[in-house]
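Let me begin by presenting the structure, written as structure tokens, before commenting on it.
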Amino acid sequence: MAIEYDFKQVEKKWQDYWYNNKTYECTEDKTKPKFYGLIEFPYPSGTGLHLGHIKAFTSMEIIARKKRLEGYNVLFPIGYDAFGLPTENYAMKVKMHPRIVTDENIKKFKEQLQSVGYSFCWDRTVDTTDPDFYKWTQWIFIQLFEKGLAYKSHSNVNYCPSCKVVLANEESQDGLCDRCGSEVIQKEKDVWFLKIRDYANKLLDGLNEVNFPERIKTEQQNWIGKSTGAEITFKAICGSEVYYIPVYTTRPDTIFGATFLVVSPEHPILEKFADKISNAQEILDYRELAKNKKEFDRINLNKNKTGVEVKGLTAINPATDSSIPIFTADYVMLGYGTGAIMAVPAHDQRDWDFAKKFNLPIIEVIEGGDIEKQAYSAKTGKMINSSLLNGLTVSQAVEKIISYLSEKKLGFAKTDFKMKDWAFNRQRYWGEPIPIINCPHCGQVPVKLSELPLKLPDIINITPSKNGESPLAKCKKWVKTKCPICGANATRETDTMPQWAGSSWYFLRYMSPSDTEYAVNPDAYDYWGQVDWYNGGMEHVTRHLIYSRFWNHFLYDIGVVKFKEPYLRRTAQGLILGADGEKMSKSRGNTVNTLDVINEYGADVLRAFILFIGDYEKPAPWQADGIKGCLRFLNRVWNLTDIISDDVDTSDLNLDALIKKVDEDYENVKFNTAIAALMTALNTIYTRGRITNKELETFLILLYPVAPHITSEIYLNCYNKMIDQASFPKYDEAKLLSNVVEIPVQESGKLRGKVIVAVDSDESTVLKAIKDAGLLSDRDIIKTIYVKNRIINLITKPKTT
RNA sequence: GGGAGCGUGGCGGAAUUGGCAGACGCGCUGGACUUAGAAUCCAGUAUUGAAAGAUGUAUGAGUUCAAGUCUCUUCGCUCCCACCA
């Protein structure tokens, strides 16, 4: 009997060995094919590694270890996305500098990651808060600025009164702050934006070039939200003055049914004609009301339309030349389209609701619906009441009206996007300073490249001020500077970049993490190129994954990288839920501490179980008892050395089929069934009672990516070699099928028994075997369906006598 | 309101993509070993039935020799987007 497996001692031994010998460090070795496997680098929070990290990282870890055994030169890096609010808030609470908090957290993360035995390239570790890293984040920002893709604008923004920061739309969904859950308010502010909208089409097209799951592509497409339609100009008349209001519509065909115009409460026309509008005060009041309405309410009150007529202004429908009223209503948003719509109540439900409430005319222009009851928004039916469009189909009408309006210079075809430009500043300390200097003469001037990195000043009070100004503003010495162009006294931009900045390009930095001349060294990039496989969470699909694709497209356009798309393949893990099937959270008390699990069961068991628990891409509840199965499994693997014998009949275990199954399952992120297959094989071996050296060696290598410590130890003990130097086994296609196969026998679709026949037997052979086995009933066979090597189905009827 | 997906034993989940439903694991039951427990090992474990058998993948229909898988219906759940013009 072998000694009991002491995972604590064995795992520590191998972790130290790997780290001290730099086993998994890599260089740009041109003699080998490269593989770049990436995981989303963690935010080093004070709470340390959680099970979500383990699930997210372990998948790529399997692939990285497997690829090395397959002869690839593997880049599997790790880093820390360390700027951000939680650290800053914690630092303020405990009155420490965020730098110190961050360094402590990173140290803790590194230890914890090593205790799981991950085969990261530690020498390439990056930290987004390291000035040598954010120097290049700032450099990219300056490139964006110089290409006109970063601009400052006075704008209404999502503002979290609790965190005191401006939030991107992506961070304030449902009107709640992503970080703290408080209600987001709208606030007027100077905001830096990145023109991600300019890249909307490229980001859409790029999806055709990459291997992402469909659900991810769909989510990104929805997020970008391309719509095709037309911009049409309506004249607004105020006494003798004429003003032009552009509206955006996806249904220009319905223009003859446009019976009123609606502008958003913040629309500039209301400002411009404030003194001419007879009910200006009423409109002002309405705007205040709308402003205070939370996003959330706007959505939920969508049936109850509110609005105010703009008195003293009328619009002219360019198709009919008739005069129509103008309203302002909060169901029209300033931020989408042109902030104004032509309302066609007969064919748009929102306009219909509004028209009913305000008693406005509803003119049917497409046949097919019952506009007394509801709007008819289908795109089928003949055009009516539409002058030159009468009798046409909808698509014909769209084309005709656009060319008609274009000729008269009253409109044009236009595509629009739901995606807004990316609000790119925060009024907080712990972020990359925006490298811009405000000069009274030259305006916004980027910091000289030779001055980068523009380091954060070492200030003590990092609390944001009540007026929402950045803490950096309080550091007068830092703010005061000279204009790089004219030398005049100037001030620095005091806002910092949002958390998403560093993560938008970190994957490039891993290729040459300490290069002082380039963000990414061109030679290193030539070698590593695109990320071959990127694993991460679904929650980043519309943020990090889109932002980083955007930056990469931009870097492609300015010649820094040679591929438009950064990631060739993307996979996404499902959430690990608490035992109650709910999301893990401290308040629910259903959290599981990763280190406790490692202490009790060991890293290999944790790694195996987190993958075995269910379909990798689906959420799965953590069932504490279930982990014992993986513990037993690995203990039984350990004891295999007791039963080695080459003198045994191995026909009960098809090793080639096992290799194929495990190989393909790993590649297809079906880790649960790969492990199940290994368990099945182990059961077969124990039933038999013997294992051959060939079987053991193969089994250990197949299991090695999941459980590297125990397999390294057994392999070394048995073969006096390092398993890292082994090759991943290949299977022989010809040996996948054994020479006999079991065929289920059905009678009229019901299972009657099974027969064993030679592989590829023909129908008559199988029928004979069925007869010999006595499985034939006394009914007449009227039809036989035989699928070779699969199944046979006999259709019978009562015997005719 | 729009989009994507899901519904299988007591539980987590399998099912070669239309071909033996319930792999693998947990739990449970019985047994062995132990003074005893833990650990380990052996046997069993969808429901029903003594058994042969019958029934069974949320619901009701349909296609097919054959349906968890395809089509339609109803119910329920999850995620994403959302007064997006």
Side-chain angles (χ1 to χ4, degrees), chain A residues 4 173-174 213-223 225 227 229 247-251 254 262 264 295 298-306 329-333 335-344 348-351 353-354 377 416-420 538-539 541-542 574-575 579 581 608-609 612-615 617-633 635-636 639 657 661 664 670 672-680 682-683 686-687 742-754 782-787 789-796:
Chain A
E4 203 176 312
Q173 299 181 13
D174 296 326
E214 272 316 306
R215 58 179 175 152
I216 291 183
K217 289 190 182 183
T218 311
E219 265 187 44
Q220 293 213 343
Q221 281 158 359
N222 287 345
W223 185 259
S227 84
V247 305
Y248 178 70
T249 177
T250 54
R251 298 296 303 274
T254 62
V262 187
S264 80
E295 284 285 321
R298 281 197 171 195
I299 293 156
N300 280 292
L301 295 171
N302 65 11
K303 282 286 160 196
N304 187 16
K305 296 279 181 292
T306 61
D330 63 3
Y331 81 93
V332 174
M333 313 291 159
Y336 185 73
T338 59
I341 62 159
M342 63 175 208
V344 184
D348 182 288
Q349 192 58 42
R350 292 154 301 175
D351 298 344
D353 293 339
F354 194 83
S377 52
D416 206 347
F417 301 96
K418 284 184 203 170
M419 182 171 67
K420 291 172 189 160
M538 280 307 285
E539 70 275 19
V541 167
T542 53
L575 237 51
F609 182 58
F612 181 67
I613 211 164
D615 185 330
E617 309 201 85
K618 291 193 183 125
W622 176 268
Q623 290 183 309
D625 275 345
I627 197 169
K628 289 182 196 158
C630 289
L631 177 71
R632 285 175 195 147
F633 171 59
N635 280 333
R636 276 153 63 88
N639 292 331
K661 170 78 177 158
E664 292 182 351
K670 302 285 176 202
N672 55 336
T673 48
I675 295 169
L678 290 168
M679 286 173 167
T680 309
L682 190 71
N683 290 343
Y686 270 105
T687 304
E742 190 183 59
I743 304 286
V745 181
Q746 292 182 339
E747 187 179 326
S748 300
K750 295 228 169 15
L751 187 67
R752 286 289 173 246
K754 293 166 191 179
I782 52 173
K783 194 175 173 190
T784 308
I785 294 113
Y786 173 57
V787 184
N789 299 333
R790 271 291 148 75
I791 199 164
I792 186 164
N793 192 4
L794 309 173
I795 313 305
T796 63

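Each chain gets a letter, A, B and so on, in the order the sequences are listed, and its residues count up from 1.
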Side chain to side chain contact (heavy atoms under 4.5 Å, CB included) between A:Ile341 and A:Asp351: does it pass, once the steps are laid out? CA-CA 10 Å; A:Ile341 62 159; A:Asp351 298 344; 3.5 Å; yes

If you check the [X] side chain, which of [options] turns out closest?
X: A:Phe612; options: B:rA14, B:rC20, B:rG12; result: B:rG12
X: A:Met679; options: B:rG25, B:rG13, B:rG19; result: B:rG25
X: A:Thr680; options: B:rA23, B:rC20, B:rC81; result: B:rA23
X: A:Tyr248; options: B:rA15, B:rG3, B:rA85; result: B:rA85
X: A:Arg350; options: B:rA85, B:rC26, B:rA15; result: B:rA85
X: A:Lys418; options: B:rG13, B:rC79, B:rC81; result: B:rC81
X: A:Pro744; options: B:rC20, B:rA85, B:rA14; result: B:rC20
X: A:Arg752; options: B:rU40, B:rA54, B:rC24; result: B:rA54
X: A:Lys754; options: B:rC20, B:rA23, B:rC84; result: B:rC20

Quote, to the nearest angstrom, the [atom1] distance that separates [N] from [M].
N: B:rU40; M: B:rA50; atom1: C1'; answer: 35 Å
N: B:rC26; M: B:rG76; atom1: C1'; answer: 27 Å
N: B:rC6; M: B:rC70; atom1: P; answer: 8 Å
N: B:rA51; M: B:rA14; atom1: C1'; answer: 30 Å

Closest-nucleotide mapping onto RNA chain B: is A:Thr250 or A:Lys661 further toward the 5' terminus? I mean the 5' end.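 Per heavy-atom nearest nucleotide, the more 5' residue is A:Lys661.
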
Checklist line | side chain to side chain contact (heavy atoms under 4.5 Å, CB included) between A:Gln623 and A:Ile613, intermediate numbers included | finding: CA-CA 8 Å; A:Gln623 290 183 309; A:Ile613 211 164; over 6 Å; no

When the distance from [atom1] of [X] to [atom2] of [N] is rounded to whole Å, what number comes out?
X: A:Leu575; N: B:rC80; atom1: CG; atom2: P; answer: 10 Å
X: A:Asp353; N: B:rA85; atom1: CG; atom2: P; answer: 16 Å
X: A:Lys420; N: B:rC81; atom1: NZ; atom2: C1'; answer: 12 Å
X: A:Ile675; N: B:rG12; atom1: CD1; atom2: C1'; answer: 14 Å

(message) Looking at every non-hydrogen atom in both residues, tell me the closest pair between A:Ala329 and A:Phe354 and how far apart they are.
(response)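 Shortest heavy-atom separation between A:Ala329 and A:Phe354 comes out as CB-CE1, 3.8 Å.
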
With both pairing distances under 3.5 angstrom for Watson-Crick or G-U wobble, and | for a partner in another strand, the correct string for RNA chain B is (((((((..(((......[....)))((((((.......))))))(((....)))..(.(((..]....))).))))))))....

Does a side-chain N or O from A:Asn672 land closer than 4.0 Å to OP1 or OP2 of B:rA23, or not?
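For B:rA23, OP1/OP2 do not have a side-chain N/O of A:Asn672 under 4.0 Å.
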
(Q) Check the phosphate of B:rC41 against A:Arg632, side-chain N and O only, distance under 4.0 Å to OP1 or OP2. Yes or no? (A)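 For A:Arg632, the contact criterion (side-chain N or O under 4.0 Å from OP1 or OP2 of B:rC41) is not met.
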
Notebook entry, point to check: For the side chain of A:Lys628 and the base of B:rC26, is some donor closer than 3.5 Å to an acceptor across the two?
Noted result: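 Absent.
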
Does A:Arg790 make a side-chain donor-acceptor contact with the base of B:rU16, cut-off 3.5 Å?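 By the distance-only test, yes, there is a pair.
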
Output one line per pair: protein atom, nucleotide atom from nucleotides 4-11 of chain B, and distance, for all N/O pairs under 3.5 Å.
residue, atom, partner, partner atom, Å
B:rC11, O2', A:Gln623, NE2, 2.3

Review point. How would you label the glycosidic angle of B:rG9: syn (within 90° of 0) or anti?
Key: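 Here the answer is syn: the torsion falls within 90° of 0.
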
Name the orientation of the base relative to the sugar in B:rU17: syn if the glycosidic angle is within 90° of 0, else anti.
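The base of B:rU17 is oriented syn (glycosidic angle within 90° of 0).
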
- prompt: Does the side chain to side chain contact (heavy atoms under 4.5 Å, CB included) test come out yes or no for A:Asp330 and A:Lys305, once each step is laid out?
  reply: CA-CA 8 Å; A:Asp330 63 3; A:Lys305 296 279 181 292; over 6 Å; no

Reading nucleotides 64-69 of chain B from 5' to 3' and marking B where a protein heavy atom lies under 4.0 Å of the base, S where only the sugar-phosphate is that close, and - otherwise, the string is -BS---

